[in-house]
Protein chains: 2
Amino acid sequence: MTQLFVCQGRDEIPRWRAAFAEARLVTPQQARAQAGHGDSVWVMSNIEEWQGLVTLLAGRGAIVNVLSYAPTSLQALQALNAGARGYAHALSPAELLTQVDLVTHHQGIWVPTELMAQVMGGAYRALGGGAQQQDEALSGLTDRERAVALAVAEGQSNKEVARRLEITERTVKAHLGAIFRKLGVRDRLQLILRLAQREVV
Amino acid sequence: MTQLFVCQGRDEIPRWRAAFAEARLVTPQQARAQAGHGDSVWVMSNIEEWQGLVTLLAGRGAIVNVLSYAPTSLQALQALNAGARGYAHALSPAELLTQVDLVTHHQGIWVPTELMAQVMGGAYRALGGGAQQQDEALSGLTDRERAVALAVAEGQSNKEVARRLEITERTVKAHLGAIFRKLGVRDRLQLILRLAQREVV
DNA sequence: AGCAGTATTGTACTGATGGGCAGGGATGGC
DNA sequence: GCCATCCCTGCCCATCAGTACAATACTGCT
């Protein structure tokens with residue numbers, strides 16, 4: 001059972017070899033050429049176009065796992081969506097890697113337990129209660145804050161929101177500050193990503 | 001390792017015993033009383049309040065799998081969302097059940113492969129992914145511009161994108177400028193909305 | 001009357017963002 | 001060789017975004 005670790009350059013991780021004695025570090029190009037059906041391929045998420053590589057190798061029948069230095073639920077979903085069967089931290093101990101390998105070779109999915117809730121929560125809202133999701137996110141806001149949040153979610157600048165609501169730019173910022181605090185996001189980018197999972201009415 | 005099969009009345013399935021010799025058929029009440037940390041519990045989805053039972057037992061540390069006579073992606077998500085680690089057809093062959101047990105006892109998730117695509121596809125789109133629609137919007141971009149666009153679409157700042165691609169912030173800006181011009185958007189907010197398939201214009 | 005919450009606006013500051021101007025290096029077609 | 005394109009980078013500047021530290025006013029509730 002070949003174990004291929006696909007990384008960009010020199011992030012050789014000793015515990016990879018501790019987990020799999022026969023592990024080989026390869027470049028994305030080498031992975032494309034060598035990986036085949038049944039092989040275990042570990043793809044670092046910091047290489048370019050990793051999702052395309054995952055899809056290619058998974059389609060070829062390889063068992064693909066994605067390793068990340070900064071695991072997030074979104075990236076976990078991107079990995080699974082691309083065809084990966086496992087997603088873990090790049091610095092996971094050797095025992096964990098062998099466990100991931102065992103699970104994914106038996107038709108299982110492996111995602112860190114701390115990400116599972118978010119991943120499945122998002123998935124559940126997508127197929128089940130997607131509609132009431134936006135209410136959930138916006139329910140804690142006042143009428144005015146909600147109006148600002150919706151305008152910002154359409155990509156409007158503070159100045160444009162101010163014109164639309166006929167208030168000053170300073171007031172828009174005040175509302176936005178309250179929105180960020182209540183929703184626990186740090187800026188309008190994150191706000192948009194949060195609200196982007198709902199359908200605009 | 002105790003194997004408990006929670007079912008309503010008399011749907012005793014022979015292959016359950018074929019998979020686990022020490023399997024015991026129990027009622028929901030018995031399961032509540034007996035199941036503990038590390039036990040494998042198989043819950044039929046045709047019993048009442050099965051989701052509540054799954055959550056209770058999972059919270060207690062049991063490995064809970066849900067069995068259904070009519071598996072659907074929505075029910076799979078309900079099961080996982082309730083805390084189950086596996087979801088399979090009630091009439092699965094014995095070898096499959098042992099495989100599910102193996103996977104779920106190693107922190108893995110087990111869902112039938114034919115449901116995985118729907119489950120993960122829905123979740124991914126819900127969180128702002130949408131791979132193939134993105135390709136359409138990104139087709140006119142160069143490789144480097146596409147990498148920048150995707151990173152920005154995840155909410156990363158110029159500084160973060162620069163670190164990820166190992167280039168300077170100025171170069172990121174240069175790529176972004178080209179992206180904005182090609183896609184006809186004015187800033188990164190509009191870009192995010194464009195890549196999330198929203199009706200921005 | 002006093003308090004809590006909301007809405008509004010001001011000044012001022014820091015950091016992020018977008019872009020103009022000006023290059024250098026690599027690649028590939030003609 | 002020339003030119004186009006892409007990739008990378010520097011300096012500089014105008015603007016935007018977010019926030020700290022304020023103030024004023026209205027509302028509902030006790």
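So that the names make sense, note that chain A is the first sequence line, chain B the second, and so on, each numbered from 1.
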Would you indicate what A/Thr168 reaches in the nucleic acid, counting non-hydrogen atoms under 4.0 angstrom: base, sugar-phosphate, or nothing?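 Result for A/Thr168 = sugar-phosphate.
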Applying a 4.0 Å non-hydrogen cut-off, can you work out what A/Ala178 is touching in the nucleic acid: base, sugar-phosphate, or nothing?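 Nothing: the residue A/Ala178, judged by heavy atoms under 4.0 Å, touches no strand.
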Report the C-alpha distance between A/Leu4 and A/Trp42 in whole Å, list the side-chain angles of each, state the deciding distance to 0.1 Å, and finish with yes or no for side chain to side chain contact (heavy atoms under 4.5 Å, CB included). CA-CA 6 Å; A/Leu4 297 179; A/Trp42 306 76; over 6 Å; no
Shortest side-chain distance from [X], nucleotide among [options]:
X: B/Lys173; options: C/dT9, C/dG18, D/dG18; result: C/dG18
X: A/Glu145; options: C/dA7, C/dT9, D/dA17; result: C/dA7
X: A/His175; options: C/dG18, C/dA7, C/dT17; result: C/dA7
X: B/Phe180; options: C/dG19, D/dG18, C/dT8; result: C/dG19
X: B/Thr171; options: D/dC8, C/dT9, C/dG19; result: D/dC8
X: B/Thr142; options: D/dT9, C/dA16, D/dC6; result: D/dC6

Any N or O donor-acceptor pair under 3.5 Å from the base of C/dT8 to the side chain of A/Arg170?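 Answer no: no donor N or O sits under 3.5 Å from an acceptor.
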Side chains of A/Asn65 and A/Thr104 in contact at under 4.5 Å (non-hydrogen atoms):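 In short, these two side chains touch, coming nearer than 4.5 Å.
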Answer yes when A/Glu154 and A/Arg164 have at least one side-chain N-carboxylate O distance shorter than 4.0 Å, and no when they do not.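 Salt bridge between A/Glu154 and A/Arg164, a charged N being under 4.0 Å from a carboxylate O: yes.
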With a 4.0 Å cut-off on N to O distance, would you call A/Glu160 and B/Arg186 a salt bridge?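 Counted as a salt bridge, because a side-chain N and a carboxylate O are separated by less than 4.0 Å.
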Nearest-Å distance, [atom1] ([X]) to [atom2] ([N])?
X: A/Leu165; N: C/dT8; atom1: CG; atom2: P; answer: 8 Å
X: B/Gln190; N: D/dC16; atom1: CD; atom2: P; answer: 14 Å
X: B/Leu176; N: D/dT15; atom1: CG; atom2: C1'; answer: 16 Å

Helix axis bend for the helix from C/dA1-D/dT30 to C/dC30-D/dG1 - C1'-based end axes, five pairs, 10° rounding: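 Computed angle between terminal axes is 30°.
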Nearest-0.5 Å distance, [atom1] of residue [X] to [atom2] of residue [Y]:
X: A/Arg163; Y: A/Gln156; atom1: CZ; atom2: CD; value: 9.0 Å
X: A/Asn158; Y: A/Leu176; atom1: CG; atom2: CG; value: 5.5 Å
X: A/Ile192; Y: B/Arg188; atom1: CD1; atom2: CZ; value: 11.0 Å

